[in-house]
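Every number for a ligand or one of its atoms is a count from 1 in the order of the listing.
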Amino acid sequence: MTNINKISVFAPATVSNLNCGFDVLGFALDAPGDTVDIELTNSGRLELVAITGDGGLLPVEPERNTATAVVRMFFDRLGTHHGARVWLHKGMPLNSGLGSSAASAVAALVAVNNLTGHPMRKEELLLLAMEGERLACGSAHADNVAPCLYGGLVLIRSYDPLEVIQLPVPEPLYSMVVHPHVHIPTREARAALPAEIPLKTAISQWANLAGFVSACYTNDKALLGRSMTDLVAEPVRSPRIPFFDAMKAEALNKDALAFGISGSGPTVFALFENKPQAEQCAMAINKFLLKNNLNNEYYISRVNEQGPKILNQ
Ligand code: HSE
């Protein structure tokens, strides 16, 4: 057996919350995503050799950068004296609502788990990736890291103990995500949320979440769309997203099943039953934002069932 000591892993962006499942629903996209290269060493040292694609914004200290911090946790958990050299290639914008920190953490963990002979199960990697989220934004939510690591569409049924359920993906389903170039740190977007919600709101929200899950199992896309309303985060977060109402109106006018904020924003997403509709909607919103002097980029994707991908080893 050859001894492999370097590997490159891609991990995808994710759309979380899905309107009716704040902190408990998310799915993986085909693109964009982050790539992490890791070389295992015997030095006992963790070295962040280079970061590309972040515009110089990410911390370069290995203990503060999510990708390397989770590798340190991985080694500590195993009690090994390995070291590693890490290259992080950001393929997606930071603070975008597309699970950027999650993708870096998951790519790094899958890489180092492969290089060390798979000592950890996915469930254990997930707990470490959640700690990466805690480092990045102060909260160990799993609705980006779980779909990123498992692929597909996931429900976090419980946080304590952690229970992740993979839901059947209604078919055909296409998503478009548009990332307007405004900066909304997840930490701030979370701080803006109410600590408590009225019982009436909670009743509507959990009824919608149940409707969503039922729609996944019955492939009822009309029910899926109806259930995807957000009474918790959207009312407080959407005012910080320029032209949110106009984008929503455009998407619904183009027969979107649902439209909402991706994670903590500013990226917005919409779901469609066919690809041309998703493309037309994304292009219309892209043009509209540009006309209003707001740079943006968009992606069209199915739900990515694979999750992380080993690029070479
Ligand atoms: N569920 C999280 C939030 C996702 O909305 O704050 C952030 O990435």
Side-chain angles (χ1 to χ4, degrees), residues 11-29 32-34 57-58 66-67 70 90-107 126 128-150 153-160 162-165 167 175 177-180 182-197 201-202 205-206 208-209 212 228-241 244 258-269 299 304 307:
T14 41
V15 175
S16 60
N17 295 340
L18 309 187
N19 299 359
C20 57
F22 179 76
D23 271 1
V24 301
L25 282 179
F27 67 81
L29 297 171
D34 287 352
L57 294 173
L58 283 176
T66 309
V70 294
K90 293 300 295 180
M92 71 172 107
L94 313 177
N95 291 314
S96 57
L98 284 168
S100 166
S101 50
S104 296
V106 166
L126 181 58
L128 295 184
M130 288 169 65
E131 288 308 315
E133 292 292 69
R134 194 193 303 281
L135 180 72
C137 77
S139 129
H141 55 275
D143 52 337
N144 291 110
V145 281
C148 184
L149 180 63
Y150 287 70
L153 170 62
V154 304
L155 166 73
I156 321 299
R157 210 282 306 161
S158 160
Y159 271 89
D160 187 17
L162 189 61
E163 183 179 350
V164 176
I165 297 173
L167 297 173
S175 68
V177 297
V178 181
H179 170 238
V182 290
H183 190 71
I184 304 182
T186 300
R187 198 181 284 269
E188 282 175 28
R190 292 185 76 83
L193 293 170
E196 290 173 3
I197 57 172
T201 308
Q205 200 75 13
W206 61 55
N208 279 324
L209 182 54
F212 179 94
M228 288 177 71
T229 56
D230 181 352
L231 304 172
V232 176
E234 188 179 303
V236 286
R237 287 177 169 177
S238 63
R240 286 190 70 181
I241 302 174
F244 181 84
F259 175 92
I261 305 173
S262 173
S264 54
T267 295
V268 292
F269 78 102
Y299 302 89
N304 168 359

Legend entry - Which segment of Arg237 sits under 4.0 Å of ligand 1 when only heavy atoms are counted: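 The answer is the side chain of Arg237.
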Inset, instruction - Heavy-atom distances under 4.0 Å are what count here, so tell me which part of Asp143 touches ligand 1: side chain, backbone, both or neither. - result: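 Just the side chain.
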State which residue, out of [options], fulfils the side chain to side chain contact (heavy atoms under 4.5 Å, CB included) condition with [X].
{"X": "Phe212", "options": "Leu153, Thr229, Asn19", "result": "Leu153"}
{"X": "Ile156", "options": "Leu162, Leu126, Ile165, Leu25", "result": "Leu162"}
{"X": "Ser100", "options": "Leu58, Leu94, Thr66", "result": "Leu94"}

Inset, instruction - Please check if the distance between the ring centroids of Phe269 and Tyr299 is under 6.0 Å. - result: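 No, too far apart.
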Inset, instruction - Taking the side chain as every heavy atom from C-beta outward, state whether Asp230 and Phe22 have any atom pair closer than 4.5 Å. - result: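 A side-chain contact under 4.5 Å is absent here.
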Need the ligand 1 atom indices (1-based, order shown) with element for anything under 4.0 Å from a heavy-atom of [X].
{"X": "Asp23", "answer": "1 (N), 2 (C), 3 (C)"}
{"X": "Gly263", "answer": "5 (O)"}
{"X": "Phe22", "answer": "3 (C), 5 (O), 6 (O)"}

Inset, instruction - Please write down residue, atom name and distance for the protein heavy atom closest to atom 6 (O) of ligand 1. - result: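 Heavy-atom neighbour on the protein nearest atom 6 (O) of ligand 1: Arg190 NH1, 2.7 Å.
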Inset, instruction - List the closest protein heavy-atom neighbour of atom 7 (C) of ligand 1: residue, atom name, distance to the nearest 0.1 Å. - result: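 The protein heavy atom lying closest is His141 NE2, 3.5 Å.
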Inset, instruction - Could you pull out, from Thr186, Asn144, Ile261, the option with a heavy atom nearest to atom 8 (O) of ligand 1? - result: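 Shortest heavy-atom distance from atom 8 (O) of ligand 1: Asn144.
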Inset, instruction - Check whether the side chains of Thr267 and Ser262 place a donor and an acceptor atom closer than 3.5 Å, and report yes or no. - result: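 No pair is found: no donor N or O on one side chain lies under 3.5 Å from an acceptor on the other.
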Inset, instruction - Answer yes or no for Ser16: is there a heavy-atom contact with ligand 1 below 4.0 Å? - result: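 The answer is yes, since Ser16 has a heavy atom less than 4.0 Å from ligand 1.
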Inset, instruction - Kindly determine whether Val182 and Ile241 satisfy side chain to side chain contact (heavy atoms under 4.5 Å, CB included), including the steps that lead there. - result: CA-CA 8 Å; Val182 290; Ile241 302 174; 5.7 Å; no
